[in-house]
Structures are given as structure tokens and as C-alpha cells.
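See below for the structure under consideration.
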Amino acid sequence: MRAYVEGNDIILKVKDDFILKHIFECGQCFRWNPIDEVTYEGIAMGHYLQLKEEVNQIRFLDTTLKQFNDLWLLYFDLNTDYSDLKERVSALHPVLGEAVDFGSGIRILKQDPWETLISFIISANNNIPRIKMLIRKLAEAFGDQFINNKGEVCYTFPSPVQLTFATEEKLREMGMGYRAKYIYEVAQKVSHEYDSYNHLTNLNTVELEKALLKYMGVGPKVASCVMLFGYGKMDTFPVDTWIRKVLIEWFAIESTRPTEVREAIKRRFSGLEGIAQQYLFYYAREHKLEIGQGIK
DNA sequence: ACCCAGGGTCGTC
DNA sequence: GACGACCCTGGG
């Protein structure tokens with residue numbers, strides 16, 4: 001992908017493999033929001049960013065080349081060839097062909113593992129608007145304050161140490177519900193065992209899952225999301241309520257046994273599990289009525 | 001008013 | 001392994 005400076009902005013030339021709505025509405029992130037028809041804003045990697053969709057290009061507003069190279073190149077997974085990826089995913093199954101066409105601009109963001117861990121603990125048995133609100137409140141209460149290029153007050157996602165200042169009671173008051181205990185426990189554990197926490201980046205998918213499952217509030221689904229969106233593990237497949245419907249409806253996988261589901265997924269999507277899941281999730285969620293009606 | 005689902009996990013049996 | 005409980009919010 002080609003990028004260059006234009007005034008205060010960076011221009012990224014794209015085809016159909018970088019579509020803001022697809023990237024930010026496919027359920028992988030919670031701190032990006034639309035401003036208008038063609039613009040999204042968000043806070044990630046400790047920075048505020050505004051992105052504008054133009055003809056065959058994406059405008060990174062008020063961004064230096066250094067910021068682009070240091071932060072956004074990796075965050076937006078710009079070194080991965082998604083046209084090749086999409087071709088291979090489409091070939092796996094007719095439904096995936098449709099799902100890929102529908103979400104053709106999806107990219108798997110490489111998000112901060114810590115933020116991803118806490119965010120998906122919050123996501124459990126919760127809905128997306130509320131998840132977004134709770135994460136925003138967490139940032140406002142414990143993150144670093146800064147002023148963006150529009151003069152607005154913004155907050156970074158709190159570090160593990162910053163989150164240790166949150167008591168369980170305080171987190172409950174903020175509306176975290178029963179997840180307050182999980183957030184509290186995980187913040188304490190991570191900040192007191194920081195070396196072993198950092199070591200997680202060196203683990204393979206199997207080892208990483210095992211390690212993540214030890215954290216309070218992290219089950220198979222949350223661990224899988226953290227691995228996929230935070231650690232870039234493409235060979236993992238989060239199974240949630242939507243995907244369960246998809247598996248039953250389109251892939252005739254009805255087993256409730258995690259190991260059986262896992263084997264079936266691996267057989268069908270081997271190596272492309274993560275990205276395949278995102279296309280299916282986005283496709284399913286945007287077509288919720290059709291799917292719901294299909295299940296007897 | 002009441003029930004149910006929402007990107008599930010925990011504790012208990 | 002299966003089952004109910006669980007903070008809270010919005011929609012039927």
C-alpha cells in the first residue's frame with residue numbers, strides 16, 4: 001500500500017480493502033465512532049485519530065509520517081495483503097464468499113493487548129453500546145487526559161498500574177456490574193506480575209490461550225478475542241452467540257462441546273480462522289433478521 | 001409490567 | 001460436562 005504526505009495529513013491509497021465502516025463496525029474495537037458519512041474518529045495507542053474516506057484513498061488527518069509509520073502502519077495491519085487473504089477465505093465455502101464480498105473492507109486491527117484484555121472482559125454477556133460506554137468511563141476515570149487537535153478533551157486507555165487505583169466498589173459504582181471484580185483482579189495481577197505478563201507476547205497460540213484463561217473473567221471466547229485482536233493470532237476462532245447461529249445455520253455444526261466445535265472449525269478454516277470469523281460475524285450481525293428467522 | 005438478549009464466565013453439583 | 005446466577009440497559 002502506498003502512502004504520502006499531503007499538507008498536515010497522510011494519504012493512504014487503497015482499493016476495496018480498507019473501508020472504515022467495515023473495520024470499525026465489525027466488533028473488534030470499541031473506541032471508534034462515526035462523525036459523519038465518511039469520517040470516523042477514535043483513540044488508540046495513546047493517540048486521537050480522525051480518518052476520512054475519499055475516492056480510492058484514506059486521509060489520516062493531522063498525522064505525521066513518523067506517527068503513521070510508528071503507530072498506524074502496524075495498527076491497521078497495512079503490511080498484510082488482504083486481497084490475497086480474501087481470495088483464500090472466499091474459496092473455503094460459498095457463505096464465506098458472500099461474507100467476504102459484504103465485508104470486503106475489513107482489516108484485523110493490531111490493538112494494544114492490555115486494552116483488548118480489559119475490553120473483552122467487559123464485553124462478556126453485554127451489548128456493544130454499553131461496552132463502549134463502560135470503556136469510555138474507564139478511560140475518563142483512570143486514563144491520561146490530553147487535548148486533541150480539535151481542542152477536545154480525550155483520555156487514553158488506563159495502563160495496568162493506573163487501573164490498580166480502581167477499587168472494586170468504585171468500578172461497580174461506574175456501572176461495570178459483576179465485571180468489577182474481574183477488572184480489579186486482573187489489574188492487580190498484571191501490575192504485580194508485569195514481567196510474566198509481558199512474556200505473553202512470546203507465546204504461541206496454544207500457550208497464550210492457556211495463560212489468558214488464568215485471568216479472572218477470561219473464558220474461551222474472551223481469550224480468543226484477545227489473542228486475535230491484541231496478539232494478532234490468526235489461528236483462533238472466537239465463538240459467540242452470533243457465530244454459534246452461523247455455525248448451526250450455514251455449517252451444520254451444532255455441538256455444544258468446545259473441543260468438537262474447535263476441531264470442526266480447524267478442519268474447515270485452518271490457518272484462516274480469525275479472519276474468516278470476522279467476515280462471518282460482520283455478515284451475520286448486519287443480517288440478523290434473516291438468520292434469526294432461519295433457525296427453527 | 002414483564003421478559004429476554006446482549007461478542008460469557010463463574011461457582012457448584 | 002451441565003446448569004443457574006449474574007450487573008445493567010434497551011427493546012419487544
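Letters A, B, ... are given to chains in the order of the sequence lines, protein chains preceding strands, and every chain is numbered from 1. Computed from a prediction, not measured in an experiment: that's the story for all the values here.
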Open item on the list: A side-chain contact here means heavy atoms from C-beta on lying under 4.5 Å apart; do A:Q28 and A:Q111 qualify?
Closed with: yes
Open item on the list: Please identify which of these residues, A:R31, A:Q145, A:E140, A:R136, meets the side chain to side chain donor-acceptor pair (under 3.5 Å) condition with A:Y155.
Closed with: A:Q145
Task: Nucleotide paired to B:dG7 in any strand shown, Watson-Crick or G-U, under 3.5 Å - done: none
Open item on the list: Whole angstroms only, please: what is the CD1-P distance between A:I243 and B:dG7?
Closed with: 12 Å
Task: Proximity of A:F68 and A:F76 rings by center, below 6.0 Å - done: no
Task: Considering all heavy atoms, the nearest A:L272-A:L92 contact - done: CD1-CD1, 4.0 Å
Open item on the list: Keeping A:W114 on the side-chain end and A:P158 on the backbone end, is there a donor-acceptor pair under 3.5 Å?
Closed with: yes
Task: Within the 6.0 Å centroid threshold, strictly below: A:F102 and A:Y282 - done: yes
TODO: Starting from P on B:dT9, measure out to CG on A:L212 and report it in whole angstrom.
DONE: 12 Å
Open item on the list: Side chains of A:Y82 and A:D77 only: does a donor on one sit below 3.5 Å from an acceptor on the other?
Closed with: yes
Open item on the list: Can you measure A:R244 atom CZ to B:dG6 atom C1' for me and round it to whole angstrom units?
Closed with: 13 Å
Open item on the list: I want to verify a distance call: between B:dC10, B:dG7, C:dC7, whose nearest atom is closest to the A:Q278 side chain?
Closed with: B:dG7
Could you write out each protein N or O paired with an N or O of nucleotides 8-12 of chain C at a distance under 3.5 Å?
{"from": "C:dC8", "atom 1": "O4'", "to": "A:R130", "atom 2": "NH2", "distance (Å)": "3.1"}
{"from": "C:dC8", "atom 1": "O2", "to": "A:R130", "atom 2": "NH1", "distance (Å)": "3.1"}

TODO: For C:dG1, give its Watson-Crick or G-U wobble partner with both distances under 3.5 Å, or none.
DONE: B:dC13
TODO: Could you tell me whether A:G27 contacts a base, only the sugar-phosphate backbone, or nothing, with contacts defined as non-hydrogen atoms closer than 4.0 Å?
DONE: base
Task: Atom-to-atom span, CZ of A:F120 to P of B:dT9 - whole angstrom - done: 11 Å
- [ ] Compare the ring of A:W242 with the six-membered ring in the base of B:dG7 and state whether they stack (centres under 5.5 Å, planes under 30°).
- [x] no
Open item on the list: Whole angstroms only, please: what is the OH-P distance between A:Y178 and C:dG4?
Closed with: 16 Å
Task: pair A:Y40-A:Q50: side-chain heavy atoms closer than 4.5 Å - done: no
TODO: Measure the distance from CZ on A:F229 to P on B:dG7 and round it to the nearest whole Å.
DONE: 13 Å
Open item on the list: I want to confirm an ordering. Mapping A:Q277 and A:Y215 to their closest nucleotides on DNA chain B, which one lands closer to the 5' end?
Closed with: A:Q277
Open item on the list: Under 4.0 Å, heavy atoms only, any strand: does A:C29 hit a base, just the sugar-phosphate, or nothing?
Closed with: nothing
- [ ] Rounded to the nearest angstrom, tell me the gap between atom CD1 in A:I131 and atom C1' in B:dG6.
- [x] 8 Å
Open item on the list: Between B:dG7 and C:dA2, how far apart are the two P atoms, rounded to whole Å?
Closed with: 25 Å
- [ ] Quick one: label A:P220 by what it contacts on the DNA or RNA (base, sugar-phosphate, nothing), any heavy atom closer than 4.0 Å.
- [x] sugar-phosphate
- [ ] Could you work out the separation of C:dA5 and B:dC3 based on their P atoms and round it to a whole Å?
- [x] 13 Å
Task: Short side-chain N/O contact to B:dG11 OP1/OP2 from A:K181, under 4.0 Å - done: no
Open item on the list: I want to check something: taking the side chain as every heavy atom from C-beta on, are A:K86 and A:Y279 in contact at a cut-off of under 4.5 Å?
Closed with: yes
Task: B:dC4 and C:dC6, which share atom name C1', separated by this distance in whole Å - done: 14 Å
- [ ] Respond yes when some side-chain nitrogen or oxygen of A:S123 is under 4.0 Å from OP1 or OP2 of B:dG6, and no when none is.
- [x] no
Task: 5′-ward residue of the pair A:D240/A:V218 relative to DNA chain B - done: A:D240
Open item on the list: Which nucleotide, if any, forms a Watson-Crick or G-U wobble pair with C:dC7, using both distances under 3.5 Å?
Closed with: none
TODO: Figure out the CD1/C1' separation between A:I135 and C:dC7, and round it to whole Å.
DONE: 16 Å
Task: C:dG10 to B:dT9 separation - P atoms, rounded to the nearest Å - done: 24 Å
